[in-house]
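Please read the structure below before turning to the comments.
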Amino acid sequence: MDLVNKIAAGEVIERPASIVKELVENALDAGAARIDVAVEDGGKRLISVADNGCGMTAEDLALAFAPHATSKISNEDQLFNIATLGFRGEALASVASISHAHVRTRRRGDESGYELTTSAGEIGEVRPCAASPGTTTITRDLFYNTPARRKFMRSSNTEFAHVTEQITRLSLPHPHVAFTLTHNGRQTQDLPAVDSTASRIRDLFGDELADSLIPIISRKGPVGIAGLIGPPAAARASGKWQYLFLNGRFIRNRMLSHAMREAYRGLLDASRWPVAFIFVELDPGQVDVNVHPTKIEVRFRDSGAIHGELLAVLRTTLNKANLSPSAAPAAAAPADAQPDDSAAEDRRASLREAMADFFKSAPPPQGHLNFPKKSYPAPPDASSPPPAQSVQTPPLPASRETTDVQEQRITPEAPPPCDLPAAIQIHNSYIVAAREDGLVIVDQHALHERLIYNDIRRRLTAGPLIAQRLLIPETLKVTAEEAACIESHGELLGRLGIEISAFGPGTVAIQRFPSLLAERGVAAGEFVRGFLDELAEYETVDSGQLLEDVIQIMACKAAVKAGESLGADEIDRLLSRLDHAEKSSFCPHGRPTMLKMTLKDLEKQFKRT
Ligand SMILES: Nc1ncnc2c1ncn2[C@@H]1O[C@H](COP(=O)(O)OP(=O)(O)O)[C@@H](O)[C@H]1O
Ligand SMILES: [Mg+2]
């Protein structure tokens, strides 16, 4: 097999999972309703992909392994409007150059099937054979002729994990196609054809995750976005759980990942990643998928618009979503719960409704989502602030008196919503309070942290935090590097109300310190030391993330602690803001601030129903 093919193969085929991807994409392009994938030794020894798609004629089959043989592009125009998954006509040629391949195929309605074997790069004769409708492609002994690449492959288990991940990525946008996956004779995955991506997610990831997901939908101009996103509580320790699809194809895209990070900012600890299944639909002419040989990275013509659109829909959805976890034990909810039984069931119902038309109409073979023509509520204009901001948090009055977080330990944002008996503090850590529809248990530190966090963020949009001059400046030993750091971050520190000046060799003096911290007895030196240590952990400073981290630390330090006794008025003030503050169900690190128990939950627990 010629060198060109081997080189091309090196680009596209890294490991068994890459072959699985190419073969399954071909099966999807052929309109298969069922695809059975079987591998041995993680795919290193054998990969078989069987489909019931359109099959090939003898002539098609004879050409399938020729480099640049593709039946999917007939003119140059199409090259720039790529809708099918395959299109370069190189995959099979590449596969044949680095493994022994065998294809058996039959078109529905044809009398005979045909087969073809390639061995050591030699393409054999097309022969008639018995075959069921569709195509089965088997490749053996991957990289048999390229020892360097063979050595690069990992253990069978690792390679199989990559194959499994590949099937996940390919099966998510094609819920109407049934998939099975078998490893060394044992079936590991059995995904029936279902009518929505939501159902496919349930089959792949289980009920618990599927039930927690929140639908997002937006359509603006040429950009359509639909998907399911996890609440902060479902976040994971890795970004692997962010499934992003463009026109039915799994992609990675830094810009869109950034939009996701941005949207969850203040809801998640920096080390946690939201779970998300996001499907972007775009006119194929608006995107270049040929940036990367395996098409996993793409380039958008108007990336700003897509970034803005995704960010807007995520923000509005997260602001509107009821994210508070229920205190009712999971076992209390019967499997056939009525729609109004719990928040989770509410979410399930709205999810079903929102997604039903949506993901049902994805037509094979391209697997694109069909955005129904009817109009969805328009997402907020990216240039104007998200509505929740202006609705929920009153604009900052010009005077300093009433708005600052340090005015009172806990500042009221609105009067208490209803006339209910006073709440009680238990173990100096939690507040139990009656609610119109049941009760809430609040983690006093977590909630206060969230409120202060919101206040700081709001305050910073108007100007720097209120600071006080320290009567006796606090000195701090710093390295030359740290001194330079303080200087280069002077502006950010200034916004936060921290003023630091040089004070002899290796020493700086903190002159001003934000009042909200000073009044809580937070030591200025210790705080700035923490800031410098934090900064040292950044490889490259993302100033947005740095500010975010510092605000989180400030909110944490200024908030009442667990174990602190609160007066009745402090409890009242804290609770009065619970229902009005943005994202109040979660602290800035994504931990819940409260648990809710409805009267229905109680009735069920006490067997009153
Ligand atoms: N499973 C399949 N069912 C039907 N036709 C197939 C299948 N796999 C490959 N082919 C045919 O072989 C051709 C070459 O496949 P490939 O090398 O993957 O190129 P591409 O998918 O980019 O067209 C395809 O264009 C298609 O005509
Ligand atoms: Mg292909």
Side-chain angles (χ1 to χ4, degrees), residues 1-2 4-13 17-38 47-76 78-99 101-110 113-118 121 123-124 126 129 131-139 166-167 169-170 174 177-179 247-250 284 289-290 292-296 364-367:
M1 177 73 37
D2 67 279
V4 177
N5 278 338
K6 268 202 198 177
I7 293 169
E11 281 187 350
V12 180
I13 297 162
S18 334
I19 295 203
V20 169
K21 174 171 186 273
E22 295 296 336
L23 299 184
V24 171
E25 285 185 347
N26 281 350
L28 290 167
D29 282 347
R34 177 184 179 86
I35 301 174
D36 297 298
V37 180
I47 297 167
S48 158
V49 174
D51 70 57
N52 63 355
C54 65
M56 284 178 261
T57 61
E59 295 74 39
D60 286 344
L61 182 56
L63 282 174
F65 285 95
H68 306 294
T70 177
S71 57
K72 295 165 197 168
I73 292 186
S74 42
N75 64 43
E76 212 173 283
Q78 284 176 355
L79 193 57
F80 297 99
N81 282 285
I82 289 154
T84 50
L85 296 172
F87 53 80
R88 287 155 39 112
E90 277 171 18
L92 288 184
S94 302
V95 167
S97 73
I98 38 119
S99 72
H102 176 86
V103 181
R104 197 172 342 121
T105 186
R106 193 182 118 204
R107 294 207 313 170
R108 200 171 294 278
D110 277 6
Y114 300 94
E115 65 181 341
L116 176 69
T117 302
T118 75
I123 297 170
V126 172
C129 71
S132 39
T135 304
T136 300
T137 307
I138 298 173
T139 79
Q166 199 55 253
I167 296 296
R169 294 174 182 180
L170 289 159
H174 301 281
V177 179
F179 285 84
N247 295 345
R249 185 195 298 281
F250 178 86
V289 293
N290 270 331
H292 191 266
T294 68
K295 303 158 209 149
I296 194 166
Q366 294 96 328

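First listed ligand is number 1; within each ligand, the first listed atom is number 1. In this chain, numbering begins with 1 at the start of the sequence shown.
Residues passing the side chain to side chain contact (heavy atoms under 4.5 Å, CB included) test with T57 are E59, D60, R107, sequence neighbours excluded.
In this structure, the side chain of T105 engages the main chain of M56 through a donor-acceptor pair within 3.5 Å. Of the possible polar contacts, none joining the R104 side chain to the A131 backbone as a donor-acceptor pair under 3.5 Å is found.
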Check against side-chain contact (heavy atoms from CB on, under 4.5 Å), N26 and L92: CA-CA 10 Å; N26 281 350; L92 288 184; 4.0 Å; yes
Applying side-chain contact (heavy atoms from CB on, under 4.5 Å) to F250 and L170, what does each step give before you reach the verdict? CA-CA 7 Å; F250 178 86; L170 289 159; over 6 Å; no
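With distances taken over non-hydrogen atoms, the option nearest atom 7 (C) of ligand 1 out of R107, M56, E25, E22 is M56. Compare V95, L92, T136 by their heavy atoms: the one nearest to atom 17 (O) of ligand 1 is in L92.
Residue D29 places no N or O, backbone or side chain, under 3.5 Å from any N or O of ligand 1. Among the atoms of C54, none of the N or O lies under 3.5 angstrom from an N or O of ligand 1.
Ligand 1 places these atoms under 4.0 Å from at least one heavy atom of A30: 3 (N), 4 (C). When each atom of ligand 1 is checked for a heavy atom of A64 under 4.0 Å away, the hits are 12 (O), 14 (C).
The line from CD1 of I296 to NZ of K21 is 7.0 Å long, rounded to the nearest 0.5 Å.
Contact annotation: for T135 versus ligand 1, heavy atoms closer than 4.0 Å belong to the side chain alone.
Residue contact check for ligand 1: D51 places a non-hydrogen atom closer than 4.0 Å to it.
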